[in-house]
Amino acid sequence: MRAADALLPLALLSLAACSTAPAYAPPAVSTPAAFRDTGPWTPASGADAAPAGDWWSVFADPTLAGLEQRLVAGNASLAQAVARYDQARALARQARTDLYPTVGVDAGAASQRTISSGRTDPVGLSASASYELDLWGRVRSQVEAGRADAQASAADLAAVRLSLQAQLADAYFQLRGADAQIAVLASTADAYRQALDLTRRRQVGGASSALDTGRAETQLATALAQQEQAKADRALLEHALAVLVGEPASSFSVASVEGLSDAPLTPVSTPSLVLQRRPDIAAAERRVAAANARIGVARAAWFPTVTLAASGGWQSTGGELLTTANRVWALGPAAAALPLLDGGARKAEVARSRAVFDEAAGGYRQTVLDAFREVEDQMALANRLAAAQARQDEAVNAAARTAALATTRYREGAASYLDVVTAQTAELDARRSALDLRTRRLAASVDLIRALGGGWTGGEGA
């Protein structure tokens with residue numbers, strides 16, 4: 001009988017054997033029926049409306065889309081996460097090898113001399129196979145744990161990718177906000193130069209004093225200083241984008257634009273669907289599953305390990321292996337090993353594995369709670385910022401009318417230049433505040449999409 005024929009029935013027996021791992025179900029969490037802080041700027045809907053795939057496409061910005069693609073190809077942190085995922089997959093494949101027999105080949109030759117028989121040249125060639133009968137599910141539990149670890153690593157990779165994509169989008173919109181601030185300050189500086197020229201002409205004609213001219217000069221210099229600060233902020237944001245896409249800051253640039261896009265409407269899925277969409281939640285749940293499987297590994301240590309071995313080959317003492325060899329074979333030994341006294345080591349390992357499971361289950365529940373909080377935070381922020389921007393736009397319009405009226409009255413001699421300075425300063429502050437709110441709304445939209453799970457669909461690492 002061939003060794004493989006002898007091992008096959010026992011292999012089938014082991015597949016039908018019992019498992020010592022507890023029956024697994026994801027930890028129960030309390031899921032609200034709907035998010036509380038929905039509003040006109042974050043309409044609630046089903047999963048079909050949730051951002052999927054290239055989630056940044058909702059912003060309709062080709063430059064952002066190009067940067068996101070470059071991030072996937074060149075980001076160093078993402079490459080590290082991919083390597084960690086590859087390691088987890090390799091470990092899972094390594095665990096699966098215990099499901100199959102171990103087969104080896106041994107060949108040897110020697111020359112020896114004894115007084116009784118003289119010189120002999122023994123040679124041999126043999127093959128052996130061994131197989132652990134997985135009667136208690138130890139190997140299958142290890143395989144299941146390795147598979148769950150690989151799936152958790154896949155979700156970790158997705159979480160890292162989503163986080164980096166969100167960081168890039170946030171930095172990009174901050175850079176666009178800096179562009180808008182620079183443009184506003186540039187146009188404001190031009191208006192201040194015209195006001196300074198007017199003040200100087202009035203001073204020459206005796207209609208204004210040097211005090212008014214000094215105020216105009218101070219106002220212009222302040223605006224120019226703020227413009228330089230905005231340019232510095234933009235440079236730092238551009239450098240941050242270079243690192244995210246994996247390029248040297250010295251050779252990376254993003255062309256400036258003056259306009260700042262509006263925040264898109266962000267569809268919000270139900271809380272139960274968020275549990276399926278967030279990669280960090282998926283990773284936490286898979287780690288609970290891995291910990292549950294390792295309880296089975298620890299429990300299986302209480303039962304004997306049964307291993308079957310078979311071997312066969314040829315041997316000769318005359319140096320002619322193929323012509324004068326003897327054929328040998330053996331089935332066995334069948335070995336069963338079970339420690340009787342271990343000082344409580346197996347009991348302690350079972351207790352430890354249960355504690356690891358409890359820790360993983362607690363981490364899963366905490367991750368779910370954090371996810372719900374993040375979604376509620378970003379929804380509240382997006383809605384309140386939208387309302388604030390509407391009010392701030394009204395303030396900008398009012399400040400612009402006031403500044404124009406103050407300038408006209410000053411030109412006609414009906415108001416002091418202090419009124420002009422006050423009105424122009426208020427207009428600039430209102431415009432910069434409006435741009436800041438618009439930038440924050442874009443960032444809140446990015447964070448809301450990230451909190452909802454981005455475009456991750458799961459199913460990786462199986």
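It should be emphasised that the depicted structure is a prediction, and the values quoted were computed from it without experimental measurement.
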Report yes if the side chains of R401 and L405 come closer than 4.5 Å at any heavy-atom pair, otherwise no. no

Please step through side-chain hydrogen bond (donor to acceptor under 3.5 Å, both in side chains) for the pair T222 and Y192, ending with a clear verdict. CA-CA 10 Å; T222 301; Y192 287 176; over 6 Å; no

Output, in order, the C-alpha distance, side-chain angles, deciding distance and verdict of side-chain hydrogen bond (donor to acceptor under 3.5 Å, both in side chains) for Q194 and D190. CA-CA 6 Å; Q194 296 175 10; D190 289 340; over 6 Å; no

Among all residues two or more places apart in sequence or in another chain, which pass the salt bridge (Lys or Arg N to Asp or Glu O under 4.0 Å) test with E349? R352

Exam field: side chain R176 to backbone L260, donor-acceptor pair closer than 3.5 Å: no

Going from CG on L442 to CG on L437, what distance comes out if it is rounded to the nearest 0.5 angstrom? 11.0 Å

Counting N and O atoms only, with roles assigned by atom type, does the side chain of W136 sit under 3.5 Å from a partner on the main chain of P304, one being a donor and the other an acceptor? yes

Roughly how far, to the nearest 0.5 Å, is the CD atom of Q69 from the CG atom of L64? 10.0 Å

Polar side-chain atom of S163 near backbone of A159 as donor-acceptor pair, under 3.5 Å: no

Which residues satisfy the salt bridge (Lys or Arg N to Asp or Glu O under 4.0 Å) test with R391, sequence neighbours excluded? E394

Exercise: do Q219 and R215 side chains pair donor with acceptor under 3.5 Å: no

Between R147 and Q151, does a side-chain hydrogen bond (donor to acceptor under 3.5 Å, both in side chains) hold up when you go through it step by step? CA-CA 6 Å; R147 182 185 297 112; Q151 291 169 337; over 6 Å; no

Side chain to side chain donor-acceptor pair (under 3.5 Å) partners of Y100, counting only residues at least two apart: none

Tell me, do Q167 and L71 make a side-chain contact under 4.5 Å, heavy atoms counted? no

Donor-acceptor contact present, side-chain Q392 to main-chain A430, <3.5 Å: yes

Backbone N or O of Q203 within a donor-acceptor pair of the S208 side chain at under 3.5 Å? no

Could you report the tightest heavy-atom contact between A423 and A406, atom names first, then the distance? CB-CB, 3.9 Å

Do Y172 and V446 pass the side-chain contact (heavy atoms from CB on, under 4.5 Å) test, and can you show the C-alpha distance, the side-chain angles, and the key distance before you say yes or no? CA-CA 11 Å; Y172 175 79; V446 171; over 6 Å; no

Among residues at least two apart in sequence or on other chains, which ones pass salt bridge (Lys or Arg N to Asp or Glu O under 4.0 Å) with R373? D377

T408/E412 under side-chain contact (heavy atoms from CB on, under 4.5 Å): CA gap, chis, key distance, verdict: CA-CA 6 Å; T408 300; E412 295 174 352; 3.7 Å; yes

Considering non-hydrogen atoms only, spot the tightest contact between A301 and R346 and give its length. O-CD, 3.2 Å

Can you label the angle between the F35 ring and the F372 ring as parallel, tilted or perpendicular, going by 30° and 60°? perpendicular

How many angstroms lie between CD in E144 and OH in Y24, if you round to the nearest 0.5 Å? 9.5 Å

Any side-chain to backbone donor/acceptor pair from T402 onto A398? Under 3.5 Å, distance only. yes

If every non-hydrogen atom of I281 is compared with every non-hydrogen atom of V274, which pair is closest and at what distance? CD1-O, 4.1 Å

With distance as the sole test, does N292 use its side chain to make a donor-acceptor pair with the main-chain N or O of P22 at under 3.5 Å? yes

Salt bridge R431-E427, side-chain N to carboxylate O under 4.0 Å: yes

Go through E359 and R287 one step at a time and tell me if the salt bridge (charged side-chain N to carboxylate O under 4.0 Å, His left out) criterion holds. CA-CA 10 Å; E359 179 186 9; R287 289 192 170 88; over 6 Å; no

Quick check: do V82 and L157 have side-chain heavy atoms less than 4.5 Å from each other? yes

Taking atom types as modelled and ignoring hydrogens, do the side chains of D170 and Q174 form a donor-acceptor contact shorter than 3.5 angstrom? yes

For the atom pair CG (L67) and CZ (F252), what is the distance rounded to the nearest 0.5 Å? 5.0 Å

Considering all heavy atoms, the nearest A150-Y85 contact: O-CE1, 3.6 Å

Is there a donor-acceptor contact under 3.5 Å from the side chain of D54 to the main chain of W56? no

Check this for me: does any side-chain nitrogen of one of R432 and D429 sit under 4.0 Å from a carboxylate oxygen of the other? no

Could D37 and R384 be called an ion pair, given the rule that one side-chain N must be under 4.0 Å from one carboxylate O? yes

Step by step, work out the side-chain contact (heavy atoms from CB on, under 4.5 Å) result for Y410 and D212. CA-CA 11 Å; Y410 174 70; D212 291 341; 4.0 Å; yes

Going by the rule salt bridge (Lys or Arg N to Asp or Glu O under 4.0 Å), which residues pair with D262 if we only count those two or more places apart in sequence or in a different chain? R438

Closest non-hydrogen atoms of R36 and E376, given as atom of the first, atom of the second and distance, are N-OE2, 2.7 Å

Is there side-chain contact between W302 and V350, with heavy atoms separated by less than 4.5 Å? yes

With side-chain contact (heavy atoms from CB on, under 4.5 Å) as the criterion, how do L168 and R70 come out once you've worked through the C-alpha distance, each side chain's angles and the decisive distance to 0.1 Å? CA-CA 11 Å; L168 184 143; R70 291 163 70 178; over 6 Å; no

Between R299 (side chain) and A21 (backbone), is there a donor-acceptor pair under 3.5 Å? no

With a 4.5 Å limit on heavy-atom distance, are the side chains of L162 and Q165 in contact? yes

Just how far is it from atom CG of D447 to atom CD of E374, taken to the nearest 0.5 Å? 9.0 Å

For a 4.5 angstrom cut-off between non-hydrogen side-chain atoms, does V288 reach R365? no

Which heavy atom in T213 sits nearest to a heavy atom in L196, and how many Å separate them? O-CD1, 3.9 Å

Donor-acceptor pair, side chain of T422 and main chain of D419, under 3.5 angstrom: no

Who pairs with S256 by side chain to side chain donor-acceptor pair (under 3.5 Å), at least two apart in sequence or on another chain? R234

With a 4.5 Å cut-off on side-chain heavy atoms, are L91 and Q94 touching? yes

Could you give the distance from CG (L448) to CZ (R441), rounded to the nearest 0.5 Å? 11.5 Å

Quick check: do L428 and V184 have side-chain heavy atoms less than 4.5 Å from each other? yes

Note: R278-D370 ion pair, threshold 4.0 Å (strictly below): no

